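Everything below concerns the one structure shown next.
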Amino acid sequence: MSIFIDSETKVLVQGITGNEGSFWTKHMLGCGTHVVGGVTPGKAGQQVEGVPVFNTVRKAVAETKADASVLFVPPAFTKDAVFEALDAGIGKIVVTAEGVPVHDAMEIRAAALSEKAMVIGGNTSGVITPGKAMMGIFPYWIDRVYRPGTIGVMTRSGSLTNEVTAMAIKAGFGVSTLVGVGGDSVPCTRFAELLPLYEKDDGTKTILMIGELGGTMEEEVAEAIEMRVFTKPMVAFIAGRTAPSGKRMGHAGAIVSGGKGSVAGKIKALENVGVFVADRPSAVGPLMQKAVAK
Amino acid sequence: MSIFIDSETKVLVQGITGNEGSFWTKHMLGCGTHVVGGVTPGKAGQQVEGVPVFNTVRKAVAETKADASVLFVPPAFTKDAVFEALDAGIGKIVVTAEGVPVHDAMEIRAAALSEKAMVIGGNTSGVITPGKAMMGIFPYWIDRVYRPGTIGVMTRSGSLTNEVTAMAIKAGFGVSTLVGVGGDSVPCTRFAELLPLYEKDDGTKTILMIGELGGTMEEEVAEAIEMRVFTKPMVAFIAGRTAPSGKRMGHAGAIVSGGKGSVAGKIKALENVGVFVADRPSAVGPLMQKAVAK
Amino acid sequence: MKLFEYQAKELFAEAGIPVPKGALVENEADCAAAIEKVGLPCVIKSQVLQGGRGKAGLIQLAETKEEALLKAHDLMVNRNVGKLLFEEALSKEKEIYIAVTIDPVDSSALIMASSEGGMEIEEVAVKMPDKIVKERVKMFRALSPFQVRNVMFGLGLKGEAFKQGATILPKMFELFKKFDAELVEINPLILTKDGRLVAADGKVSIDDNAGFRQKRFPITRDHFDSDVEYEAAVKGIPYLQFDGKIALMCAGAGLTNTVYDLINYYGGSVASYLEFGGPNYRRAAEAMDLTLRNKPAVVLIVTFGTIARADVMAQGIVDAIAQLKPSAPIITAIRGTGEEEAAAILKKTGLEPISDTEEAVKRAVELSKGGAR
Amino acid sequence: MKLFEYQAKELFAEAGIPVPKGALVENEADCAAAIEKVGLPCVIKSQVLQGGRGKAGLIQLAETKEEALLKAHDLMVNRNVGKLLFEEALSKEKEIYIAVTIDPVDSSALIMASSEGGMEIEEVAVKMPDKIVKERVKMFRALSPFQVRNVMFGLGLKGEAFKQGATILPKMFELFKKFDAELVEINPLILTKDGRLVAADGKVSIDDNAGFRQKRFPITRDHFDSDVEYEAAVKGIPYLQFDGKIALMCAGAGLTNTVYDLINYYGGSVASYLEFGGPNYRRAAEAMDLTLRNKPAVVLIVTFGTIARADVMAQGIVDAIAQLKPSAPIITAIRGTGEEEAAAILKKTGLEPISDTEEAVKRAVELSKGGAR
């Protein structure tokens, strides 16, 4: 009925006593998330929104059996916090911080891969299974976006996700699980790595992929479809079709350089394997209806 | 009919143009080993005993499809040579060098574990499947030791292996595969890690383990037997029963310190799980007959 | 952040990577001394970040002092180049490409090398992919000697050149690690006729996100094409300047890129790109101030469901307008929680709230072409 | 190789780990100045490698200068201690154990800490295993800050002591890596009454195999109990001296240990342990020379199938005998390829070749007890 997170997932909040951490803990609880504990070194014994705070993730996991963790930790300390969660055996981690150094992200990704864990982010709103739970910073209260349903959404953006998802919702659909992989040049989890999860999930009937210029993540999705790793219908919207080459367009990962990462290339690769590619947000609804009918 | 190596195994010799490398290449070929290539940087194009030499392991593997490598490389360069072999996809590696730094051995072991490869050694004679092939420096021509049969021998020693194995041969047995894990304090492969291979090997009916004081390898074997990871009969001989505490007895790994690693403790652990422990080499033959009859 | 060639070479020299004899000049008056220092013939290299400097005439070879002075004058005065790097001209036996960069899929450091130095690696990749040697260095592992050998054998180097190359690559890798680099590139690495390997050019790009621990090279005006881009960068507001008519103020990079596309679809043109999502939503006045510098015909504001409530964003914009009194018309599509309140706030200031992004874009394009307000 | 306390503390001080004010003395005449330097009360610590120095009276506390001089005299003259370390006496609020060592199974660096400092960690492990904090640092990974916090929280440290501890542990880890250490231990790490953490003792053990890259601390005579052991170590021949009657010269450590056991089983005693297998087989004369220094009643030589042929080894031994003319009887069991030729060579010199190890041991034990030759 969902991937990555549902209302059973026992979530830890690292950096829970900070402004962002406590604010979003309230909202995560508010949308149904089973937040079992928080971690801030030196603040053990406190409570945030009724959630107990621990000094270390190891201790928090021992006491709460948490199996997921969302980080509200500044970029400079993100690598350490992720390593701490991985070391404590946590297999699902969301990094919201924007500005994690690329070398740190590479180390995080390498560590996660070697430990068969999944780290989502950085620079992401996180993961939400509407109506059930979320790890991150979604305005889940916007009903015309975060409505439960059967579309698995994977995205590199924040606001654009609302813009595009709203178009699908308007066409009568809802979301199973929405995963923001983040806008960094080294996302710790890549689009294609989510596909096996969506493929297995009975609650997901189609995918809406919201990509953009730069990198090769959309091309990897096309490859996965080609290899039949993923077989459900997919609609894609890729931003930055008319972006000039060589400019970093907002996100660290949104840049076309040396001819690599162009939206035209991505669209070609996706259309070749039967993905319905919308040229603008308003095209997403009709294409989604077409995809579902397939 | 063997573990780790047989006459099909395609063996590479790293450091083949050195004195030791060329000498033992001749002998490895002499005992039937399928030596397909050698590596010495800068010596590509040469031949040693008819075996072609390459500059890099990557190139050698591409040309020869080698799947195993034996190293005749000085201790200071062993880590690099093992990493080179692992990087080229070689899954079975024998390190003969004595004097590999402990930190290097730890890195080698960690890398091998993460890449699901097996590195035997350092400070070992290597691996031999009598009558078929060997990787290392065995006096395979001594018929009263290296006779084919059904005993899997695993050992931390060199000469002692001859002494003890000869006793088993004298009692009418032979060897399936003999693996020397080496005398270092951090062997890159530990006794217990060989057990699943021996367990699966139809050609191995019993095990002769030749251990000594120091470390916990023999205790780990007892644990594996307890956990039923290994179920065949076993005879063990453990040297150093009367060794004084706190002295390093020859091998780097042969030391009892802080009460850990005593032979008495090892024997107790092994006898508890039904291993026949010989108190001296001459007791090995009769015990092996008893073990086989079990 | 890209470093200038002279900065890259400063790092190379410190690390022990051979660079040509060189002298950096910021005033025309110092050119003669620079030529004296590096000798003749010499190369005069404009210290600008744009690619293809050679083809653009921004790198000049001079045989005599007079020629060198003349060419330097041309670059500094006529081409408006602020800094010139004078270097000894090298004899070339062979040109090599070598770089350390990142592989985000494998999450490893990626060494790329080619015996076809001088060419862009992308071009080599297309025309003769066999000529590229790749070596990946796993995170958590050091660069191993065998990997250096793989690269040097792959480049076909021998003898002394092999040895020199084998000392240069580890130093590049060290710089890559130490400076949080996204790229450390030497192209070309020249094998001189007298058998030395020398880094004739150097590109180093440092991860902007690592700024908190990489403080050696601050951003400067020289890194940007315009004053406004520099100012925005200092303020931490993503901003790009173009030469069209519609200034974008959008929340979220993806949404901004989408609006950018839509403007082009509808035949409009973009004056500037500004993203004020995330933590910048409280800085509407600053953002609008930057946006108005390029004198846009229209300002187009698009947001959808940010961390801030829509009404908070609307109020920020209204306040900014009151403060800055922009002459350009403003189109707004501010959606998300509190959008009704937001609409009310905007209307009070005489702005028409639009709920559909494409509708807002169409309106902006019309206005930018002189359509009715 | 174990370092002496004063060497360990030299490393600690360089790394920035607080150590007590101290002065090393090698001559009794310098004791007064040392006391002057460190102040009173002071601790006088014998710089020897044996464990349990406190119980053995090799560490003394002195309140007055006179007491200190007297105790130093006793240690240097009566106890024959070559080097004394004078240190300021510290006030103790708490004693901590902390060490970085290796975990050969997990192949990680293992940090062990306990709030029960002063006790041996093995004793704590038995009596109160809960008091031991363990933290493993994976190979290829750095020590992460969270791991340091895990240890400091585990030790129950707070405030300033937490912060100090969190700077000391990474420095210990750095030493562990930099010096190829098998052990870096501080026991006790003292929390003084005025809130400082100070390394009151220090043990560092450096991997002998890393000698080719760890040259700072050479082995010295002080590392060994006897001149012969020192000489053997310098020559690279494994040798241990005991006080029994039979000197072992065996090829292979495992075989040597087995012969050692057999001698004990048969009621004999070992004079010395010497291993001349592997590359040392060509050095029979050197080996025998060392072996004879301890004046054994019998020399027992056992080999089986080494890299060298048996006849080559036999010839080496025969040559060594001719050169050194040992008065002690020699028993030989030299087996492997060429053992017939070996037997012939030995017989020629009047030695009786024995093919069975236990037989040879029995013979040696008999002889060592005065049995017929």
Side-chain angles (χ1 to χ4, degrees), chain B residues 75-76 98-111 113 137-139 141-142 145 155-164 166 183-188 190 210 212-213 215-216 220 237 239-244 246-254 258-260 279-282, chain D residues 50-51 102-109 120-123 125-126 138-140 176-177 180-182 207-214 238 240 242 250-265 270 273 275 277-279 302-307 309 335-337 356-358:
Chain B
E98 178 174 356
V100 176
V102 169
H103 283 236
D104 290 5
M106 303 242 291
E107 290 192 28
I108 291 171
R109 179 166 159 77
L113 287 174
I137 53 173
F138 292 95
W141 48 81
I142 303 180
V145 177
T155 175
R156 292 167 67 176
S157 303
S159 305
L160 177 59
T161 306
N162 296 333
E163 175 83 32
V164 176
D184 283 346
S185 59
V186 179
C188 294
R190 304 176 70 79
I210 304 167
E212 66 182 351
L213 72 158
T216 57
E220 293 155 26
F237 173 77
R241 209 183 268 237
T242 64
K247 297 267 185 193
R248 187 155 285 182
M249 302 299 281
H251 285 143
K260 271 195 172 169
D279 69 339
R280 60 197 72 194
S282 59
Chain D
Q50 73 181 81
I102 63 175
D103 179 338
V105 181
D106 194 58
S107 56
S108 57
E120 292 295 320
I121 193 72
E122 291 86 1
E123 202 183 330
V126 172
K138 288 194 179 125
M139 282 294 115
F140 309 121
F176 174 76
K177 286 282 197 184
D180 273 292
E182 293 176 311
D207 177 16
D208 293 326
N209 285 347
F212 64 85
R213 63 191 180 205
Q214 299 295 348
L240 294 168
F242 297 103
C250 303
L255 186 55
T256 315
N257 286 325
T258 301
V259 171
Y260 185 102
D261 285 344
L262 289 170
I263 285 174
N264 284 309
Y265 292 172
V270 175
Y273 173 117
E275 196 213 315
V302 182
T303 75
F304 196 149
T306 61
I307 296 173
R309 291 174 57 95
R335 284 81 39 86
T337 317
D356 184 75
T357 302
E358 288 179 43

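Being a predicted model, the structure only gives us computed values, none of them experimental.
Only the backbone of D:Ala109 comes within less than 4.5 Å of a heavy atom of chain B; no side-chain atom from C-beta onward does. Looking at B:Phe138, neither its backbone nor its side chain comes within 4.5 Å of chain D, counting heavy atoms on both sides. Residue contact with chain D, scored on non-hydrogen atoms closer than 4.5 Å, is absent for B:Ile210. Residue D:Phe242 touches chain B through its side chain alone, counting heavy-atom pairs closer than 4.5 Å. At a 4.5 Å heavy-atom cutoff, the contact between B:Val100 and chain D is made by backbone atoms alone. The parts of D:Thr337 that come within reach of chain B are both its backbone and its side chain, each placing non-hydrogen atoms under 4.5 angstrom from that chain. Of the two parts of B:Ile108, neither the backbone nor the side chain holds a non-hydrogen atom closer than 4.5 Å to a non-hydrogen atom of chain D. If you measure heavy-atom distances from D:Ser108 to chain B, the contacts under 4.5 Å come from the backbone alone. Both the backbone and the side chain of B:Ser185 come within contact range of chain D, with heavy atoms under 4.5 Å apart.
Here D:Asp103 contributes atom CG and B:Met106 contributes atom CE; the two are 7.5 Å apart, rounded to the nearest 0.5 Å. The CG atom of B:Asp104 sits 9.5 Å away from atom CG of D:Asn209, with the distance rounded to the nearest 0.5 Å.
Put simply, the residue from B:Leu160, B:Asn162, B:Thr161 that forms a side-chain contact (heavy atoms from CB on, under 4.5 Å) with D:Phe304 is B:Asn162.
Heavy-atom pairs under 4.5 Å with chain B were tallied for D:Leu240, D:Asp106, D:Ile263, D:Thr256; the largest tally goes to D:Leu240. Per-residue counts of heavy-atom pairs under 4.5 Å with chain D were compared for B:Ala166, B:Ala110, B:Ser157; the largest is that of B:Ala110. Note: B:Pro244 leads B:Pro244, B:Gly158, B:Ala252 in heavy-atom pairs under 4.5 Å with chain D. Note on B:His251, B:Arg280, B:Arg156: by heavy-atom pairs under 4.5 Å with chain D, the leading option is B:Arg280. Options D:Ala181, D:Gly51, D:Cys250 differ in how many heavy-atom pairs under 4.5 Å they form with chain B, and the most are formed by D:Ala181. Top candidate by heavy-atom pairs under 4.5 Å with chain B, chosen from D:Leu262, D:Ile102, D:Val302, is D:Ile102.
The nearest pair of heavy atoms linking B:Pro101 to D:Asp180 is CB-OD1, 4.3 Å. Contact between B:Gly250 and D:Glu275 at its shortest, heavy atoms only, is CA-OE1, 3.8 Å. The two residues B:Ala243 and D:Tyr260 have their closest heavy-atom pair at CA-CE2, 3.9 Å. Among all heavy-atom pairs drawn from D:Lys177 and B:His103, the shortest one is CA-CE1, 4.1 Å. D:Asn257 approaches B:Ala254 most closely through the heavy-atom pair ND2-CB, 4.5 Å. Contact detail for B:Pro139 and D:Gly305: the closest heavy-atom pair is CG-O, 3.5 Å.
A donor-acceptor distance shorter than 3.5 angstrom exists from the side chain of D:Tyr265 to the backbone of B:Asp279, with no hydrogens or angles considered. Between the side chain of B:Arg109 and the backbone N or O of D:Val105, at least one donor-acceptor pair lies under 3.5 Å.
For the pair B:Arg190/D:Pro104, a side-chain contact is recorded, criterion being any heavy-atom separation below 4.5 Å from C-beta on. Between B:Val145 and D:Arg335, the closest side-chain pair of non-hydrogen atoms is not below 4.5 Å. No side-chain heavy atom of B:Pro281 sits less than 4.5 Å from a side-chain heavy atom of D:Thr357. In this structure, the side chains of D:Tyr273 and B:Lys247 stay at 4.5 Å or more apart for every pair of heavy atoms.
Looking at residues two or more places apart in sequence or on another chain, you find no salt bridge (Lys or Arg N to Asp or Glu O under 4.0 Å) involving D:Asp261. Residues passing the side chain to side chain donor-acceptor pair (under 3.5 Å) test with D:Asp207: none are found, sequence neighbours excluded.
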Would B:Glu163 and D:Val259 satisfy side chain to side chain contact (heavy atoms under 4.5 Å, CB included), going step by step from the backbone distance to the final call? CA-CA 11 Å; B:Glu163 175 83 32; D:Val259 171; over 6 Å; no
Take B:Arg248 and D:Asp208 through the side chain to side chain contact (heavy atoms under 4.5 Å, CB included) test and state the conclusion after the steps. CA-CA 12 Å; B:Arg248 187 155 285 182; D:Asp208 293 326; 3.9 Å; yes
Criterion side chain to side chain contact (heavy atoms under 4.5 Å, CB included) on B:Glu212 and D:Thr258, from CA distance to verdict: CA-CA 9 Å; B:Glu212 66 182 351; D:Thr258 301; over 6 Å; no
